[in-house]
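Any value given below was found using the heavy atoms of this structure, including those in side chains, with hydrogens, waters and symmetry copies removed.
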Amino acid sequence: MWIRVLAAMLAATLTAIVILSFQDSFKVFVPGLLQGAWLTIQIAVLGALLAVVMALTAALAKLYGPLPLRWLAVTYIEIFRGTSALVQLFWLYFVLPQFGVFMDAFPVAVLALGLNIGAYGAEVVRGAIRAVPKGQWEASTALNMTRAQMLRRIILPQAFVAMIPPWGNLFIELVKSTSLVSLITLADLTFKAQQMNQATLQTVPIFTLVLLLYLAISLTITICMRFTEGWAAKGVLHGKAS
């Protein structure tokens, strides 16, 4: 039911964008804002992929790695959760060059946001693994599985279902955080909007379109995550039944 509601909201949002794009006071801003939205989507997708990789790596290292890796994972998680994403973005873009490390704005944006969300995601992964019933571990041990086999075949598939809702929230937070990259000269959706607003002072049409575009992106993520959650839950149930 909720997917239908979300799909209806997404359809209404996209319809509103299309209708407004034909209005004289709006249509002049649409091409530039769509360019900015495309850059926002690229940063969000690549940042999300990095976040998932870092979250899984850090969570497993914190739970099961040797002591040096555990310390490294804890350090990464606490630093990136305990400091502002904006400060992390500025540090990578403005401070690293002082040590001879130079990166373009786009990879810096992906790296900063991916690492930031990955730190929060690591705790989501850790909590989901810990939430798997103890009996599943005991049954895996009784089958003489190694820890790697337990995690791959029994624990992670069940934990994956519990991870999906909080990961959906984190992905949406990542999309909203992309607005920060305008401060390191990337022409994302927010940057384009600010630029157009300064040039034309047409605040209402510009930021109305921006609001709708961000909403459309967030609703798309939510719908995809709901579908993924349903698919994963069916897979786990099928595995248990068989």
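- The side-chain contact (heavy atoms from CB on, under 4.5 Å) search around L10 returns L14, A216, L219, T220, I223, not counting sequence neighbours.
- A donor-acceptor pair under 3.5 Å links the side-chain atoms of N116 to the main chain of F80, judged by distance alone.
- Partners of F94 by side-chain contact (heavy atoms from CB on, under 4.5 Å), not counting sequence neighbours, listed by chain and number: F90, I184.
- Counting heavy atoms from C-beta outward, F106 and V181 have side chains that stay 4.5 Å or more apart.
- For the salt bridge (charged side-chain N to carboxylate O under 4.0 Å, His left out) test, residues two or more places apart in sequence or in another chain that qualify with R126 are E123.
- Residue-environment remark: CG (N169) exceeds the threshold of 12 foreign heavy atoms within 6.0 Å.
- By the side-chain contact (heavy atoms from CB on, under 4.5 Å) test, P166 is found to be paired with V124, residues two or more places apart in sequence or in another chain being considered.
- The stretch residues 193-210 participates, sequence neighbours left out, in these side chain to side chain donor-acceptor pair (under 3.5 Å) pairs: N197-T203.
- Residue pairs meeting the side chain to side chain donor-acceptor pair (under 3.5 Å) criterion with at least one member in residues 67-83, sequence neighbours excluded, are E78-R81, T83-Q88.
- For the ring-ring contact (aromatic ring centres under 6.0 Å, His included) test, no residue two or more places apart in sequence or in another chain qualifies with F227.
- For the pair F26/L209, a side-chain contact is recorded, criterion being any heavy-atom separation below 4.5 Å from C-beta on.
- For residues 46-57, there are no side chain to side chain donor-acceptor pair (under 3.5 Å) pairs, not counting sequence neighbours.
- Residues meeting the ring-ring contact (aromatic ring centres under 6.0 Å, His included) test with Y93, sequence neighbours left out: none.
- When the side-chain contact (heavy atoms from CB on, under 4.5 Å) test is applied to Y64, the partners found at least two apart in sequence or on another chain are L60, I129, W137, R147, L151.
- Among residues at least two apart or in separate chains, salt bridge (Lys or Arg N to Asp or Glu O under 4.0 Å) pairs with a member in residues 172-181 are E173-K176.
- For the ring-ring contact (aromatic ring centres under 6.0 Å, His included) test, no residue two or more places apart in sequence or in another chain qualifies with Y214.
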